[in-house]
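In what follows, a single structure is set out as structure tokens and then discussed.
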Amino acid sequence: MKTLEVRRVTSRVLAGVDLECDPGVFVVVGGASDGTHDLIRILAGAESPRRGSVTIRGVAPFKNPAMRRRIGAVFTNDRLPPASTVAKSIAATLAARGDSRTSGEILGSFELESWASRSVRSLDDTEHRTLALMLALSVPSPVLLALAEPFACAPIISVSRVTHAIAHAVACDAVVICAMAIVPDAALLSAPVRQLERGSWAKTPRFAPDDARRLSARAVIRTERPRELAAALSRDPHIIAVSFEASAPRGEVYVTAADSETVALAVSRVARREDLPIHSIDTSWAAPPQTRGAP
Amino acid sequence: MWVIAGRVAMKRIDLRFGAIVSLVAAFSVLVVAAFERATSPLTATDNTLLGVVFGLGIPLCTYAIVGRITEYGRLLESTETLAKYGANRRVLALGFVTVGTVCSSAVGAALALLGVVAAHSAADSHVVFDALTSTGLGFLAGFVYCAWFALGSTFGRRGRGRFVALALDWAIGSSTTAAALPVPRGHLRNLLGADPVLEMTQRQASLALILFGFVYLLLTLWRTPP
């Protein structure tokens, strides 16, 4: 049995979509009118499919609150529950999730402490989505992340922060489904891509899945201190994603950035600053056998 | 979670909205009561209660309150902001309906009291008894209408069943046939002295209202998935 099983799901837009996923990242490209947002809502248990079924580890999320507590989801029109302040609104969502952390801790981990005292009414759509993304990425041990346009809040929650959290979720055996309208965004995740077109999987996608990968450069760096290098690189604003494998003969760090020059410059800058030894940089790397999120 | 749902419902109703609805309803009751007292002093209290208070004011105020709590959509959709994070939708719905009941019962009681006080004549010796009875009845009407509209909110796109519930209450609630049995209006009219539904006594009508209120509430929760 697969972790996520979607069988002949129909909705206002979707027309009998099937999908099976094991833990890992999976990108769905398409617009709202193609059904990507319906798919995300149905996967997250916010909406029941008209026909068909969605199960995560054998459980239907729509009818199971306990399962929904382990799903992090962002919708396009996400709104926080009404409350006088952002902190109180987030506290309500944490209580719903059974999460013992405080809203201050969650906001602090995304450097959004200054928002705590703001009125929920003063938030614009992007800020609502940003906080919803923050809540989705902070699910303690997720089984599913269902994210609509996860990079849309990039000025506030950076792309590398999102990709980091996604890598961490995958390391926790979660399935991560990202719905995106444009291919370059999908490329940032270096994950398998499928295209939804008018409610069905496109038989002839407008792009090959490998096209997405070519839009970003990736490299594997061999070092004796992979954890420290990965941690330092994760703080670099030019790095899109970073993960590491400590059990390799000589620890390996996997880095994704806009192009190979950016990777090289960031690695040399970080290595010099942190005094970390670098043995090699290999830009011919295709995909890590098993990656683990950086701390 | 029930308490948090209640807080969310309170925020949705909003103090300004509550004040506007209450003031408009109170002003309407005062105007109609003054008119009734001027035109037919002997039946002014009955006409005011049967017409503007229980016929229009309480149903419309409750309709507005339930609409506001459900964000003018389906009850299921209105629970999404918290259900998405793992809250049980039935518990949320119960919290929403509880707050709606408290608000609409308070408005119902206040409007009924205002109707009696504004419409009674100086020579009326039963004003205190009428005021107490009508206030209790207004409280009960608020509860039953809230449960009735909450049940309506579980049907149709964007909760349009709520409007159907209001229309049904107006269309068939004034009759005395079996069709009027499941809607609140017929029993409330019976308690106010109008013709009873299926020859029911006032005691039976009171019990029917309480029973139907809880049945509507249970059906609402049953139709809301966890």
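Worth knowing before you read on, the calculation uses all heavy atoms, side chains too, and leaves out hydrogens, waters and symmetry mates. Labels below follow one simple rule: chain letters A, B, ... track the order of the sequence lines, proteins then strands, and each chain is numbered from 1.
Within 6.0 Å of the CH2 atom in B/W170, the count of heavy atoms belonging to other residues, nucleotides or ligands exceeds 12. More than 12 heavy atoms of other residues, nucleotides or ligands sit less than 6.0 Å from atom CZ of A/F75. Residue-environment remark: CD (A/E20) exceeds the threshold of 12 foreign heavy atoms within 6.0 Å. Residue-environment remark: CZ (A/F26) exceeds the threshold of 12 foreign heavy atoms within 6.0 Å.
Heavy-atom proximity under 4.5 angstrom to chain A picks out nothing from residues 48-57 of chain B. Listed in order of number, the residues of residues 74-90 of chain B that approach chain A to under 4.5 Å between heavy atoms are B/L76, B/E80, B/T81, B/L82, B/A83, B/K84, B/Y85, B/G86, B/A87, B/N88, B/R89. Proximity to chain A at a heavy-atom threshold of 4.5 Å picks out B/M1, B/I4, B/V8, B/K11, B/R12, B/D14 from residues 1-36 of chain B, in numerical order.
Of the atoms belonging to A/R70, not a single heavy atom falls under 4.5 Å from chain B. For chain B, no part of A/L94 is nearby; none of its heavy atoms comes within less than 4.5 Å. For A/A83, the part sitting under 4.5 Å from any heavy atom of chain B is the backbone (N, CA, C, O) and nothing else. For A/N64, no part lies under 4.5 angstrom from a heavy atom of chain B. There is no contact between A/S89 and chain B, counting heavy-atom distances below 4.5 Å. Residue contact with chain B, scored on non-hydrogen atoms closer than 4.5 Å, involves the backbone and the side chain of A/A132 alike.
Comparing A/A46, A/G98, A/A95 by how many heavy-atom pairs each has under 4.5 Å with chain B, the most go to A/A46.
In this view, B/S174 and B/R185, B/R189 satisfy the side chain to side chain contact (heavy atoms under 4.5 Å, CB included) rule, not counting sequence neighbours.
Contact record, B/P226 with A/P65: O-CG, 3.4 Å, taken as the closest heavy-atom pair.
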